[in-house]
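Each remark here refers to the structure printed beneath this line.
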Amino acid sequence: RFNVLLDRKLKRRLNELGMKSMAIGGIFGGLTEKSRVILNVSEDQMDQLNREFKQWGFVFGRRIANNL
């Protein structure tokens, strides 16, 4: 499947860049899909990867500790 091949290509690229990621479930346009969270990445790096892999967009954020 095309998405499986694209995910493998992304994982290889992230490895080259020394970045860690993890697979998660997601929904885009009402369709269930596998997505990937890239850890400790800058917004500029996300933008570059988004363009390189011709994605519609990305969600960017920072983890905030929850000490409840």
Side-chain angles (χ1 to χ4, degrees):
R1 215 165 117 193
F2 182 70
N3 282 346
V4 172
L5 297 175
L6 202 56
D7 186 57
R8 286 181 188 155
K9 184 177 176 183
L10 175 61
K11 286 191 286 188
R12 277 194 305 272
R13 182 71 172 117
L14 294 174
N15 236 359
E16 291 170 4
L17 297 170
M19 295 179 175
K20 294 183 180 182
S21 68
M22 56 191 251
I24 62 167
I27 299 175
F28 180 75
L31 301 172
T32 302
E33 67 176 19
K34 292 184 180 177
S35 296
R36 188 156 290 281
V37 172
I38 303 171
L39 306 172
N40 301 316
V41 62
S42 73
E43 193 170 354
D44 286 338
Q45 289 170 314
M46 281 300 303
D47 184 55
Q48 291 171 4
L49 287 166
N50 187 69
R51 292 171 192 278
E52 181 178 339
F53 286 87
K54 297 175 178 67
Q55 296 298 295
W56 285 69
F58 61 88
V59 175
F60 181 82
R62 288 184 176 34
R63 180 178 178 156
I64 299 173
N66 185 353
N67 296 325
L68 297 177

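Numbering starts at 1 and runs along the sequence shown. A quick note: this is a predicted structure, and the numbers were derived from the prediction, not measured.
Applying the salt bridge (charged side-chain N to carboxylate O under 4.0 Å, His left out) definition to pairs two or more places apart or across chains, those involving residues 15-37 are D7-R36, R13-E16.
No single ILVMFWY cluster, assembled from side-chain heavy atoms under 4.5 Å apart, contains both V37 and M19.
Between K9 and F53, the shortest heavy-atom distance links the atoms CG-CE2, 3.7 Å.
With contacts defined as side-chain heavy-atom distances shorter than 4.5 Å, the pair Q55/L6 qualifies.
Take R51 and apply the salt bridge (charged side-chain N to carboxylate O under 4.0 Å, His left out) test, not counting sequence neighbours, and it matches D47. Residues that satisfy the side-chain hydrogen bond (donor to acceptor under 3.5 Å, both in side chains) test with Q45, not counting sequence neighbours, are S42.
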| said: Under the criterion side-chain contact (heavy atoms from CB on, under 4.5 Å), I'd like the reasoning laid out for L49 against L14: C-alpha separation, chi angles, the key distance, then a yes or no. | reply: CA-CA 9 Å; L49 287 166; L14 294 174; 3.7 Å; yes
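Separation of atoms CG (N15) and CG (L10) is listed at 10.5 Å; rounding is to 0.5 Å.
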